[in-house]
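What follows is a set of notes on a single structure, which appears directly below.
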Amino acid sequence: MADPKGFMTTPREEWPRRPVEQRVRDWDEVYVPGALLPIVTRQADRCMDCGVPFCHDACPLGNLIPEWNDLVSREDWRAASDRLHATNNFPEFTGRLCPAPCEAGCVLAINQPAVTIKNVEVAIADRAWTDGFAPPRPPDRLSGRTVAVIGSGPTGLAAAQQLTRAGHTVAVYERDDRLGGLMRYGIPAFKMEKRHLERRLDQMRAEGTKFRTSTRIGRDIGAAALRARYDAVVIATGATAWRELDVPGRELTGIHQAMEYLPLANRVCEGDLAASPLSAAGKHVVIVGGGDTGADCLGTAVREGAASVTQLDIYAQPDAARDEDVEPWPTYPKIYRLSAAHEEARDLETAPSAHADARLFAASTLRFEGDEDGHVRSLHLVEVDAQRQPLDGSGRSLPADLVLLALGFSGPDREDGLIDQLGLAMAPRGTVTRDADFATSARGVFVAGDAARGQSLIVWAIAEGRAVAAAVDRYLTGSSQLPAPIGPYDRPMTV
């Protein structure tokens with residue numbers, strides 16, 4: 001602990017965002033460039049170096065948070081980078097995209113604002129790249145064993161990097177034309193610019209990992225043929241089977257899934273398209289779903305110049321502070337949070353009828369209505385109680401030229417035939433089953449990430465990738481020194 005009184009003398013200060021009017025005109029990250037380093041060492045001083053640091057338990061990666069906080073407070077960036085990368089392959093991703101359950105578990109958060117763990121993390125990661133503390137780490141020798149990883153999201157990339165560094169020859173197969181999974185085409189650039197992804201991919205290539213894009217396993221390459229070609233296979237395809245909204249009018253044009261909409265906007269940023277064919281420009285947009293994907297749609301629609309944007313959340317508006325009786329510390333509480341996209345919508349007044357920022361809480365969609373050409377023009381909703389029962393007299397309608405469904409995902413997509421061709425056993429909720437060693441019902445085939453766990457956070461995805469790599473290494477060689485931060489049945493802390 002560099003400053004024993006830091007948590008008492010220094011208030012929490014977060015990475016400032018650029019002014020709303022400025023940032024909605026571009027797709028750059030929302031934070032002020034260069035504004036984090038001047039404050040982050042003081043923020044690291046707020047860490048209490050607890051005897052029992054609950055931030056460790058709240059983070060599935062087991063990040064050594066007090067250690068690298070202390071090193072940052074002393075401005076020992078090289079050592080801080082070493083400690084951070086010891087548990088996390090991609091801290092520049094989690095530092096930008098993770099909702100920071102570690103901060104909810106911070107001991108200081110019992111009665112004060114938590115340490116800005118996420119900001120310290122991303123500062124270390126960015127400084128590591130700037131100062132050359134993250135060089136490629138190719139193996140000293142090759143094992144002679146080969147592994148195929150299907151999917152290049154955070155789980156697949158983490159597994160591939162760990163196995164490559166252990167000496168195995170690894171090829172990653174990705175069905176899209178670019179690598180990164182949802183980080184590439186699902187996450188908007190204003191949350192994470194793709195240069196961070198490209199930089200890490202270049203590191204992995206230099207270490208020896210091979211990548212095969214535009215390849216659908218089960219269609220372009222038979223799943224059985226792939227299995228025969230490699231000593232082990234890791235399925236890390238994610239949970240991409242989206243949930244539907246079965247209400248009257250769903251067949252109208254102009255109603256799309258969030259993951260039909262967001263990739264097109266990302267392709268515009270990549271230079272593939274001059275404009276998105278589903279652009280929100282000049283349209284009244286309604287987003288059904290109150291989660292992070294819905295917020296990503298919100299920020300995207302604002303930047304595309306929507307006439308209005310409203311986001312529907314079926315849950316009641318949460319309180320601003322933790323309810324200790326329902327969600328006591330150190331669990332991750334459901335509280336009112338203002339993302340960058342919601343801040344933009346609030347300041348720009350994109351949804352005059354909304355309760356807060358662009359969100360209508362406790363709102364359930366009843367039906368859609370369209371014009372004579374079969375295009376959606378309005379959405380009818382009703383307010384609901386805590387049991388999601390309609391409240392009498394609360395019905396209303398919103399203008400809607402574009403409706404985006406952001407209702408989450410139920411499990412891996414089975415369209416390509418990968419799962420059926422391998423004959424994998426499935427759980428009732430639509431995910432791939434596995435044993436305590438991450439192994440599926442097919443010998444030599446392992447599964448990790450959302451494909452088995454179900455929809456989860458990026459920090460859990462990376463932890464799954466690291467853990468399955470240890471299991472595969474053990475399967476191939478009989479033992480492993482790779483870290484396994486979680487087991488397949490571990491879950492976040494809850495009451």
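Count residues from 1 along the sequence. All values derive from a computational prediction rather than experimental measurement.
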- Message: Does Asp413 form a side chain to side chain contact (heavy atoms under 4.5 Å, CB included) with Thr237? I'd like the steps, not just the answer.
- Response: CA-CA 8 Å; Asp413 185 357; Thr237 55; over 6 Å; no

- From His342 atom NE2 to Arg359 atom CZ, the distance as rounded to the nearest 0.5 Å: 3.5 Å

- Item | Heavy atoms of other groups near Lys210 NZ, more than 12 under 6.0 Å | no

- Message: Run Arg23 and Glu343 through salt bridge (charged side-chain N to carboxylate O under 4.0 Å, His left out) and show every step you take.
- Response: CA-CA 11 Å; Arg23 69 188 195 234; Glu343 180 185 49; 2.6 Å; yes

- Task: Kindly say whether Leu64 contributes a backbone atom to a donor-acceptor pair with the side chain of Glu67 at under 3.5 angstrom?
- Result: no

- Task: Given ring pair (Phe, Tyr, Trp, His ring centres under 6.0 Å), test Tyr31 with Trp15 step by step and report yes or no.
- Result: CA-CA 7 Å; Tyr31 296 103; Trp15 193 357; 4.6 Å; yes

- Query: Just by modelled atom types, is the Thr87 backbone N or O under 3.5 Å from a matching donor or acceptor in the Arg466 side chain?
  - Reply: yes

- Message: Keeping Glu324 on the side-chain end and Trp329 on the backbone end, is there a donor-acceptor pair under 3.5 Å?
- Response: yes

- Task: May I ask you to decide if Gly218's main-chain N or O and Asp416's side chain share a donor-acceptor pair within less than 3.5 Å?
- Result: no

- Can Arg78 and Asp131 be counted as an ion pair, charged N to O under 4.0 angstrom? no

- Query: What's the spacing between Leu108 CG and Cys50 SG if we round to 0.5 Å?
  - Reply: 8.0 Å

- Message: Please tell me whether Tyr173 and Phe211 form a close aromatic pair, meaning their ring centres lie under 6.0 Å apart.
- Response: no

- Query: Step by step, would you call Arg165 with Glu207 a salt bridge (charged side-chain N to carboxylate O under 4.0 Å, His left out)?
  - Reply: CA-CA 7 Å; Arg165 289 175 172 179; Glu207 292 173 345; 2.7 Å; yes

- Looking only at atom types and distance, does a side-chain atom of Gln455 sit under 3.5 Å from a main-chain N or O of Ser410, one as donor and one as acceptor? no

- Item | Glu193 with Arg199: basic N within carboxylate O range, under 4.0 Å | no

- Message: With a 3.5 Å distance limit and no angle check, can you tell me whether Asp420 reaches the backbone of Gly417 through a side-chain donor-acceptor pair?
- Response: no

- With Phe54 as partner, the option from Cys106, Pro330, Cys59 fulfilling side chain to side chain contact (heavy atoms under 4.5 Å, CB included) is Pro330

- Query: Does a sphere of radius 6.0 Å around OH in Tyr315 hold more than 12 heavy atoms from other residues, nucleotides or ligands, not counting ones at 6.0 Å or beyond?
  - Reply: no

- Message: Check this for me, if you would: do Glu344 and Arg303 make a salt bridge, where the nitrogen-to-carboxylate-oxygen distance has to be below 4.0 angstrom?
- Response: yes

- Item | Ile117 CD1 to Ile65 CD1 distance, which is reported to the nearest 0.5 Å | 4.5 Å

- Message: Does any part of the side chain of Asp70, heavy atoms only, come nearer than 4.5 Å to the side chain of Asp49, both counted from C-beta?
- Response: no

- Around Arg443, counting heavy atoms of other residues, nucleotides and ligands shown, do more than 12 lie under 6.0 Å from its CZ? no

- Check whether NZ of the Lys or CZ of the Arg Arg267 lies under 6.0 Å from the centre of the six-membered ring of Tyr185 and within 45 degrees of that ring's axis. yes

- Query: Any salt bridge between Arg219 and Glu415, counting N to O under 4.0 Å?
  - Reply: yes

- Item | Check: Arg322 side chain, Thr331 main-chain N or O, donor-acceptor pair, under 3.5 Å | yes

- Task: Report the distance from atom CD1 of Ile462 to atom CG of Leu157, rounding to the nearest 0.5 Å.
- Result: 9.0 Å

- Hey, are Asp319 and Lys334 close enough for a salt bridge, meaning a charged N less than 4.0 Å from a carboxylate O? no

- Item | Interatomic spacing from CE in Met183 to NZ in Lys191 - rounded to 0.5 Å | 12.5 Å

- Row check, Tyr332 ring normal vs Arg337 NZ/CZ: under 6.0 Å, within 45°: yes

- Task: Output all residues satisfying ring pair (Phe, Tyr, Trp, His ring centres under 6.0 Å) with Tyr261, sequence neighbours left out; order by chain, then residue number.
- Result: none

- Under-4.0 Å salt bridge between Arg12 and Glu103: yes

- Step through the shown structure and confirm whether more than 12 heavy atoms of other residues, nucleotides or ligands are within 6.0 Å of CG on Asp126. yes

- Can Lys194 and Glu270 be said to form a salt bridge (charged side-chain N to carboxylate O under 4.0 Å, His left out), step by step? CA-CA 9 Å; Lys194 309 310 174 187; Glu270 294 278 7; over 6 Å; no

- Give the intermediate values and the outcome of side chain to side chain donor-acceptor pair (under 3.5 Å) for residues Asp357 and Tyr336. CA-CA 11 Å; Asp357 45 72; Tyr336 178 76; 2.5 Å; yes

- Quick one: does Thr164's side chain have a donor or acceptor within less than 3.5 Å of a partner on Gln161's backbone? no

- Message: Please determine whether a side-chain nitrogen of the Lys or Arg among Glu13 and Arg42 lies less than 4.0 Å from a carboxylate oxygen of the Asp or Glu.
- Response: yes

- Message: Counting neighbours of CD on Gln481 that are heavy atoms of other residues, nucleotides or ligands and sit closer than 6.0 Å, is the number greater than 12?
- Response: no

- Item | Rounded distance (nearest 0.5 Å) linking atom CD1 of Ile335 with atom CG of Asp323 | 11.5 Å

- Query: Below 4.5 Å, heavy atoms only, C-beta onward: do Leu407 and Thr293 meet side chain to side chain?
  - Reply: no

- Not counting sequence neighbours, list each pair that qualifies as a ring pair (Phe, Tyr, Trp, His ring centres under 6.0 Å) and has a residue in residues 63-102. Phe90-Phe93

- Message: Can you confirm whether the side chains of His168 and Gln162 place a donor and an acceptor under 3.5 Å from each other?
- Response: no

- For the pair Asp220 (side chain) and Arg216 (backbone), establish whether a donor and an acceptor sit closer than 3.5 Å, ignoring hydrogens and angles. yes

- Determine yes or no for a side-chain-to-main-chain donor-acceptor pair under 3.5 angstrom, with Arg96 supplying the side chain and Glu92 the backbone. yes

- Cation over ring, Arg127 on Phe133, under 6.0 Å and within 45°? no

